[in-house]
Number of protein chains: 2
Amino acid sequence: MSQKDAGVDLDASLGYLLKEASSALRTAMEEVLRPLGMSVTHYSCLELLAQRPGLSNSELARGAFVTRQTMNVLLQALERDGYVTRPAEAPVGKALPARLTPRGRRSLEKATAAVRSVEVRMLSGMTEAEQSSAFRSLRSMVRALRDGDDGR
Amino acid sequence: MSQKDAGVDLDASLGYLLKEASSALRTAMEEVLRPLGMSVTHYSCLELLAQRPGLSNSELARGAFVTRQTMNVLLQALERDGYVTRPAEAPVGKALPARLTPRGRRSLEKATAAVRSVEVRMLSGMTEAEQSSAFRSLRSMVRALRDGDDGR
DNA sequence: GACGGTATGTCAGAATGCTGACATGAGTCA
DNA sequence: TGACTCATGTCAGCATTCTGACATACCGTC
């Protein structure tokens, strides 16, 4: 079923393979995050805030590759549940710097470990050199794709 | 804004980079497909059918990395609009083999060209050797991620 | 100071995809 | 044959994300 004559291009397309890999990674992350009651975007937001405290809603959205509207509803939920705090007024401009609460930090700990184990598993069977090579390749693809845009 | 001291891990994570690349690719594809009135999943379904005629709904779903329920509503729309045909009865089992209509094939032509140009742009700046290397790396990641699953 | 451009936060509605559930058909094994 | 398992197509409800829109705040030039 997997290798028919008619299907030549798809199995040779780096774009298709990229989608496949991303989908597999997402599925694997969902599996380990589900027992923790956390979605991938949920985790992404917390991890971003842990590594870069004070990010605004829009910055978080860009970091998690969703729209700022999507991140906004997520942030409101996280704030309501006490994982995140934002000041009532913006210190400058309109951007509200978000920070993890102790509870948010605690909740993130297990998730980080779980996600890290997934990444370790993903990279098992690859040498350091292969990993750096893959890193450079993906970086190159991202830049090439973005450069073609209307200067976003 | 892009390179703070606090943000070390994320910029070094292959998982994060994989997500970024996949997101960039999806955005680029959406941009070129939008003028054709086609979504990415829409295109994926048609391309799969062009390369492997007679795929069933479930097989298409797996190929496009969505659930069979999602693919079902898409297939119904494509069938209603005359891009795809399915027999009224299953020749064997319950699987209904889908096929492109001439209209579907015609509609796919421009989309294929557009998507191919995106992939070409993505791979510009990479040598053949780098591309094969990236291919092997991504394949390895997919296999490693799937092996850890419950034997799906 | 006035103005245009850009970035942000937020609300509302629509689109998209997923989970849960059910019925059906085929294969396996006792 | 009958029971069990598995894959499939499909319906319904829910969750997530997106697009569109608006008000506000900064920053540049005039």
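Here the structure is a predicted model, which means the values were calculated and not measured. By convention in this document, chain letters (A, B, ...) are assigned in the order of the sequence lines, proteins followed by strands, and residues within each chain are numbered from 1.
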### Message
Closest approach to the side chain of B:Val66, judged atom by atom: which nucleotide of D:dC18, C:dC18, C:dC11 is it?
### Response
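Comparing D:dC18, C:dC18, C:dC11 against the side chain of B:Val66, the answer is C:dC18.
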### Query
Nearest heavy-atom pair of B:Leu33 and B:Ala111: which atoms, and what distance?
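Looking at all heavy atoms of both residues, the shortest contact is CD2-CB, 3.8 Å.
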#### Entry: Closest contact, heavy atoms only, A:Leu145 versus B:Arg121
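The answer is O-NH2, 3.0 Å.
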How many Å lie between [atom1] on [X] and [atom2] on [N], as a whole number?
X       : N      : atom1 : atom2 : result
B:Arg34 : C:dT16 : CZ    : C1'   : 14 Å
A:Lys94 : D:dC22 : NZ    : C1'   : 9 Å
A:Glu89 : D:dA25 : CD    : C1'   : 13 Å
B:Leu75 : D:dC11 : CG    : P     : 12 Å
A:Glu59 : C:dT6  : CD    : P     : 19 Å
A:Arg68 : C:dA7  : CZ    : C1'   : 8 Å
A:Glu30 : C:dC18 : CD    : P     : 9 Å
A:Glu31 : C:dT19 : CD    : P     : 11 Å

OP1 or OP2 of [N] sitting under 4.0 Å from any side-chain N/O of [X]?
X       : N      : value
A:Thr70 : D:dT16 : no
A:Thr41 : D:dT17 : yes
B:Arg62 : D:dT8  : yes
A:Asn72 : C:dT10 : yes
B:Ser39 : C:dA15 : no
A:Asn57 : C:dG9  : yes

### Task
Would you classify B:Leu96 as touching base, sugar-phosphate or nothing, given that sugar-phosphate means primed atoms plus P, OP1 and OP2, and contacts are heavy atoms under 4.0 Å?
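Sugar-phosphate, no base atom in range.
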### Message
Any base atoms under 4.0 Å from B:Ser58, or only sugar-phosphate, or nothing? Heavy atoms, all strands.
### Response
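B:Ser58: backbone/sugar contact only, no base atoms under 4.0 Å.
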#### Entry: Whether A:Tyr16 side chain and B:Gly63 backbone form a donor-acceptor pair below 3.5 Å
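Yes, because the side chain of A:Tyr16 sits within donor-acceptor range (under 3.5 Å) of the backbone of B:Gly63.
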### Message
I'd like to know if A:Arg146 and B:Glu20 make a salt bridge, using a cut-off of under 4.0 Å between side-chain N and carboxylate O.
### Response
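A salt bridge links A:Arg146 with B:Glu20.
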#### Entry: Ion pair check, A:Arg105 and A:Glu109, cut-off under 4.0 Å
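Here A:Arg105 does not pair with A:Glu109 in a salt bridge, since their nearest N and O are not under 4.0 Å apart.
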### Message
Would the base of C:dG20 count as contacting B:Gln69 through its side chain, where contact means a donor and an acceptor less than 3.5 Å apart?
### Response
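Result: at least one qualifying N/O pair found.
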### Task
Would you kindly compare A:Val92 and A:Arg26 by the position of their nearest DNA chain D nucleotide and give the one closer to the 5′ end?
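Counting from the 5' end, the first nearest nucleotide belongs to A:Arg26.
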